[in-house]
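Numbers restart at 1 for each chain; the letters A, B, ... are given by sequence-line order, proteins then strands. Values below: all heavy atoms of this structure, side chains included; hydrogens, waters and symmetry mates excluded.
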Amino acid sequence: MLKGALRSRWTTLAVLALVMAIVPLIAPSAFYLRVAALVWIFALAALGLTILMGYAGQVSLGHAGFLGVGAYGVAIGPAHLGLSPLLSLFLAAALSGVIAYLVGRPILRLKGYYLAIATLGFGLILALIFQSESAVTGGPDGMAVARLTVFGWRIAGAVQWYWVSAGVLLVGAWIALNVADSPSGRALRALHDSEVAAAGAGVDVAAKKLAAFVVAAVYAAIAGGLLACMNGLITPDAASFMHSVEFVAMVIIGGLGSVLGAVVGAAFLIVLPQALTSLQEYEQAVLGLLIMVFMIVLPAGIVPSLRNWLTERLP
Amino acid sequence: MAEFLQLLFSGLTVGAVYALVALGFTLIYNASDVINFAQGDFVMIGGMATVFLAAAGLSLPLAAFIAILAAVAVGLLLHRLAIEPARGASPVALIMITIGASIFIKGVAQIVFDKQFHSLPAFTGSDPIALGGATILPQSLWVIGGAIVLFAALYLFLERTLLGKAVLATAANRLAARLVGINVKVILALAFGVSAAIGAIAGVLVTPITLTRYDIGTLFALKGFAAAMVGGMGHPLGAVVGGVLIGLMEALGAGYISSTYKDGVAFLAILLVLFFMPRGLFGGGSVERV
Amino acid sequence: MSLLSVSDLGISFGGVVAVDGIGFSVSPGEVFSIIGPNGAGKTTLFNLVTGIYRPQRGDVRLDGQSMIGQSPHLLVRRGMARTFQNLQIFFRMTTIENVMVGRHLTERSSFLADLLGLPGVARQNRLTREAAFALLERVGLAAYADVNAGSLPYGALKRLEIARALAAEPKVLLLDEPAAGCNAIETEAIDALIVEIARSGTAVVLIEHDMKLVMRISDRILVLAQGRRLAEGTPRAVRDDPAVIAAYLGDHGSREAGRARG
C-alpha cells in the first residue's frame with residue numbers, strides 16, 4: 001500500500017505542498033524566499049520539459065527560447081503596447097504556444113540528435129532576435145519590466161512572489177500529473193518507447209508530439225513571464241543556450257519523467273550556485289562536471305533512483 | 001566587385017576554421033557516433049594556451065606546439081573519462097555529456113586563464129596584401145593555407161596509411177572492425193586526439209584575426225556543427241565544403257544584408273538543412289528496418 | 001465476401017524488387033499463413049499491407065475500401081492491427097498499460113480534459129483498464145498486469161503484443177512471426193491463442209517459419225519466394241506442391257509437414 005502511495009499523484013502534490021509550506025518557516029531571511037521563488041519558477045519551466053522529454057521523449061535544447069518569449073512578452077506588452085502586465089502574460093503564453101505549434105510541425109519530424117540540434121538552432125535564433133532587436137527589446141542590456149498586478153493587487157516583495165510562484169507551480173504540477181495518468185499520457189509514453197507500435201495502436205504520433213511541444217512552450221513562457229515580473233528586468237541571456245542546457249540538466253538530474261524530479265533538479269541547479277557564491281568562478285566548471293557525472297553515473301536521475309531504492313526496501 | 005571580393009576573402013578565412021571544426025566533428029562522429037559539443041573548445045585551448053605560454057616567455061612556435069599537445073591531452077581525457085564510461089548510452093545522453101564537458105572545459109579555462117579577450121601576433125606581419133582590388137591579411141592566407149595542408153594530411157592519413165584505414169573501417173562498422181583485430185578503443189582515442197589537434201591548430205592560426213577568449217568555443221562548435229550538417233554528417237569532404245559555405249554565407253550576409261544577424265546564418269542553415277535536406281549535400285540514404 | 005483483399009502489390013528498394021505482384025484475400029475467422037525463405041519478402045509484404053511502406057503498385061482493400069496511402073495510425077481505425085517481428089513493446093510501461101494503449105481508439109477523452117483531470121478521465125481510465133485486464137486474461141498474462149513489461153519473459157512479450165493488437169478490436173489481425181524465438185511450450189500457447197482468436201471471428205494473417213505451427217493451424221497458406229507467389233492453398237495442397245517442396249521445404253520438411261497433419 002505504501003508502494004502505491006509512493007507512485008500516487010496525490011502523494012506528489014502533498015509532498016510538494018508540504019515543502020512549500022515549510023520553507024518560509026525555516027527561511028532565515030527574505031533572501032532565501034527569493035531564491036526559493038526562483039526555484040519554483042524554474043521548476044515550472046523544467047516541468048514543461050518533463051512533459052516533452054520525460055513523457056514524450058522529445059529532446060529540446062531550445063527550451064529557454066520559449067522562456068524568453070514569455071519574459072519579453074510581459075516586458076514589451078506594457079512598455080510598447082500599453083497592455084496590462086497580466087494580460088501580457090496570457091498573451092505571451094499564447095504566443096509561445098502558437099510559435100511552438102508552427103515550428104513544432106516540421107521540427108518534430110526529426111528524431112534523436114537531429115531533433116536536439118534543430119531545437120538548439122531554433123532557440124539560438126530566438127535568443128539572437130531578443131539580443132538584436134534593440135528598439136523593441138532593449139538589446140543586450142535588456143529592458144525593465146513593469147510589476148505584475150492581479151485585480152488591483154500589485155505583487156511585490158519576496159514573500160508575495162514566493163507564494164505566487166509556489167501556487168503557479170502547484171497548478172502546473174497538478175496538470176502534469178493529470179496528463180501522466182490519462183489516455184494522452186499513455187499515448188505520449190507509448191510513442192516515447194516505440195513510435196511505430198504507438199501508431200499501430202491508433203495513436204496520432206505527430207499530433208501528440210506537437211501537443212506536448214506546445215504545452216512545454218506554454219509552461220516555459222509562463223515561467224519566463226513570472227521571472228521577468230519578479231526581477232523587474234529581463235535580459236537576452238534568459239533565452240540563452242546555456243539556460244536551455246540548464247533546463248535539460250535539471251530534468252535529467254532530478255529524474256526524467258518525474259514531476260518531483262523537475263522540482264528537485266531545479267532546486268539542485270539553483271541552490272548550488274548560491275551555496276558556491278564564495279567560489280563563484282567555479283560555477284561553470286561545477287555545472288559541467290555535474291552534468292557529466294549524472295549522465296554517466298545516475299542517468300535515471302535523483303527522484304526515480306530514490307523511489308526505486310525505497311520501493312525495494314519496503315514490504 | 002571589390003567589396004564582394006573583400007567579403008569573399010573574409011568568408012573563406014572564417015570558413016576554413018569552420019571547416020576544420022567540422023572535420024573534427026566528422027572524425028569523432030564517424031568513429032563513435034558521438035556529436036562532440038566540446039569540439040569548439042579545442043579551438044579555444046589552442047589559442048588561449050598559446051597566448052598564455054607565450055606571455056610566460058616561451059617562443060611562439062614552442063608555445064603553439066605545447067598548446068596543441070594540451071588540446072590533444074584534453075581530447076584524450078574527454079574520451080577516456082566521459083565518453084568511454086558512457087558507451088551504450090542514448091545519443092541524446094551522449095550529447096548532454098559532451099555539452100557538460102564543454103561547459104566544464106570553459107569553466108576550467110576561465111580559472112586557469114582569465115575572462116579577457118586575447119590576441120596573438122600575426123605570423124608574418126599584418127600589412128594587408130592587395131589582391132584583385134581588395135585586400136587580404138597575410139594571416140588569412142596562413143589560415144586558409146594551414147587548413148588546406150591539414151585537409152590534405154588527413155586525407156592522406158585516412159586513405160593511404162594502415163592506421164587511417166583502420167579508422168575508416170571502425171567508422172563503417174565497429175563490430176566488424178573489432179572482429180578483424182582492430183583495437184577500437186585505440187582508434188576512438190586516436191579520433192579524439194586528432195580532432196583536438198585539428199581544432200587547436202585552427203585556434204592558433206585564427207587567433208591573430210578573431211581574438212580568443214575562454215568562451216569562444218561554443219559558437220565555433222555550433223557553426224562547425226552546422227557546416228558538418230550541411231555537408232552531410234560523417235562526410236569529410238562534406239565537412240570542408242559545408243564549412244566554406246557557411247563561412248561565405250556568413251560574410252556575404254553580414255556585408256549585404258545585416259551584420260547583427262551574422263551568427264544567425266549558421267543557425268538558420270542548421271534548421272534549413274534539417275528540414276529540407278537532412279542528409280546534407282554528400283550524405284547517402286538509409287532505410288529503417290522494422 | 002473477403003474481408004481483406006490484396007491485389008498485385010509491388011515495391012522495389014533501390015532497384016531490388018522486394019515484392020512483385022502479390023495478391024491474396026482473407027475471410028473473417030480464417031487463419032491465413034504466409035511462409036517462405038528468408039528474404040522472400042514476407043515482412044515487406046506485411047509492411048505494405050499495414051501502411052508502413054507505400055506500394056509502388058497494387059491495392060489493399062479492407063471491407064471493400066482501399067487502404068493505400070493511409071497513415072498507419074488510421075489503418076487500425078478501419079480494423080487492421082498488427083504485431084512486429086522485432087518486439088515493439090513499450091518497455092517503460094507496465095504490462096497492462098501496454099494493452100491500455102491498444103485501447104486508444106476506443107477511448108473518449110480530449111487532450112484538454114486530460115490536462116485538467118476532469119472526472120471523465122478517471123472513468124475512462126477505469127474502463128480502459130478493465131478492458132485491458134480482460135485481454136490479459138485472454139492471453140494468459142493477467143498475473144503480470146502491474147509488472148513492468150521489461151521484466152517479462154520473451155514468450156510472454158509475444159503474447160502481450162497480441163493482446164495489445166486485440167485491444168483495438170480489429171477485424172483483421174496481422175502477426176509477424178508470433179512464435180519466433182519461442183520454445184515448444186510457448187509456441188503451443190500462441191498456437192491455441194491464434195485458433196481462439198480466429199474462432200471468435202477475427203481474420204488472422206500470419207508470417208511464420210515454424211512449419212508445424214503453420215500446418216497445424218492454417219486454413220490456407222501462401223508461399224513466397226523472391227518476392228513472388230510460389231503457391232497458395234490448403235496446408236495439404238501446399239505441402240504436396242512440387243515447386244514448394246523443391247524451393248522451400250525440401251523432402252525432409254515435407255515429411256515433417258505430413259507428420260504434423262497426421
Practice problem: Provide the closest heavy-atom pair for Met143(A) versus Ala75(A) in the form atom of the first, atom of the second, distance. | Solution: CE-O, 3.6 Å
Self-check item: Contact summary for Val271(A) and Val39(A), nearest pair of heavy atoms
Solution: CG2-CG2, 4.3 Å
Practice problem: Measure from the side-chain N and O atoms of Ser195(B) to the backbone N and O of Gly24(B), and report whether any donor-acceptor pair falls under 3.5 Å. | Solution: yes
Exercise. Please check if the distance between the ring centroids of Phe122(A) and Phe66(A) is under 6.0 Å.
Key: yes
Quiz item: Would you call Leu49(A) and Ser60(A) a side-chain contact if the rule is heavy atoms closer than 4.5 Å?
Solution: yes
Quiz item: Which bit of Glu133(A) is near chain B, if near means a heavy-atom gap under 4.5 Å: side chain, backbone, both or neither?
Solution: both
Practice problem: Give me the contact list for residues 94-107 of chain B versus chain A, heavy atoms only, anything under 4.5 Å, ordered by residue number. | Solution: Ile95(B), Met96(B), Ile97(B), Ile99(B), Gly100(B), Ala101(B), Ile103(B), Phe104(B), Lys106(B), Gly107(B)
Quiz item: For Asp33(B), which residues count as a side-chain contact (heavy atoms from CB on, under 4.5 Å) partner, sequence neighbours excluded?
Solution: Tyr29(B), Arg174(B)
Exercise. Please report the closest heavy-atom contact between Val248(A) and Leu61(A), naming both atoms and the distance.
Key: CG2-CD2, 3.9 Å
Quiz item: Can you check whether Ala300(A)'s main-chain N or O pairs, donor with acceptor, with Ser305(A)'s side chain at less than 3.5 Å?
Solution: no
Quiz item: Below 6.0 angstrom between ring centroids: does that apply to His118(B) and Phe52(B)?
Solution: yes
Quiz item: So which residues of residues 35-43 of chain B are in contact with chain A at a heavy-atom cut-off of under 4.5 Å?
Solution: Ile35(B), Phe37(B)
Exercise. Can you tell which part of Pro299(A) gets under 4.5 Å to a heavy atom of chain B, answering side chain, backbone, both or neither?
Key: neither
Quiz prompt | His243(A)-Phe42(A) aromatic ring centre distance below 6.0 Å | solution = yes
Practice problem: Between chain B and each of Gln131(A), Arg109(A), Gln284(A), count heavy-atom pairs under 4.5 Å; write down the option with the most. | Solution: Gln284(A)
Quiz prompt | Proximity breakdown for Leu290(A) and chain B, heavy-atom pairs closer than 4.5 Å | solution = neither
Practice problem: For residues Ser258(A) and Val303(A), report the shortest heavy-atom separation together with the two atoms involved. | Solution: OG-CG1, 3.4 Å
Practice problem: Could you grab the distance from atom CE of Met249(B) to atom CD1 of Ile257(B), nearest 0.5 Å is fine? | Solution: 10.5 Å
Quiz item: For Tyr18(B) and Glu250(B), what are the C-alpha separation, side-chain angles and deciding distance, and is it a side chain to side chain contact (heavy atoms under 4.5 Å, CB included)?
Solution: CA-CA 11 Å; Tyr18(B) 297 157; Glu250(B) 216 179 72; 2.8 Å; yes
Exercise. Taking all heavy atoms of Leu188(B) and all of Ala31(B), pick out the closest pair and write down the distance.
Key: CD2-O, 3.0 Å
Practice problem: Against chain B, label Ala116(A) side chain, backbone, both or neither, depending on which of its atoms sit under 4.5 Å from a heavy atom there. | Solution: side chain
Quiz prompt | Residue Phe241(A) versus chain B: region with a heavy atom under 4.5 Å | solution = side chain
Quiz prompt | Derivation of the side chain to side chain contact (heavy atoms under 4.5 Å, CB included) call for Gln58(A) and Met53(A) | solution = CA-CA 5 Å; Gln58(A) 308 299 304; Met53(A) 277 183 69; 5.9 Å; no
Practice problem: Side chain from CB out, backbone as N, CA, C, O: work out which of these in Leu289(A) comes under 4.5 Å of a heavy atom of chain B, or both, or neither. | Solution: both
Quiz item: Between Leu128(A), Leu124(A), Ile125(A), Leu287(A), which shows the greatest number of heavy-atom pairs under 4.5 Å with chain B?
Solution: Leu124(A)
Quiz item: Are any non-hydrogen side-chain atoms of Val286(A) and Leu272(A) less than 4.5 angstrom apart?
Solution: yes
Exercise. Against chain B, work out which of Gly123(A), Ser132(A), Gly121(A) has the most heavy-atom pairs shorter than 4.5 Å and name it.
Key: Ser132(A)
Quiz item: Just wondering, do Leu27(B) and Phe192(B) contact through their side chains at under 4.5 Å, heavy atoms?
Solution: no
Quiz item: Measuring heavy-atom distances to chain B, does Val245(A) have an atom under 4.5 Å in its side chain, in its backbone, in both, or in neither?
Solution: both
Quiz prompt | Closest non-hydrogen atom pair between Ala216(A) and Gly48(A), with its separation | solution = CB-O, 3.2 Å
Quiz prompt | Side chain / backbone / both / neither for Leu115(A) at chain B, heavy atoms under 4.5 Å | solution = neither
Practice problem: Output the residues of residues 213-228 of chain B for which the shortest heavy-atom distance to chain A is under 4.5 Å, in residue-number order; output 'none' if no such residue exists. | Solution: Tyr214(B), Thr218(B), Leu222(B), Phe225(B)
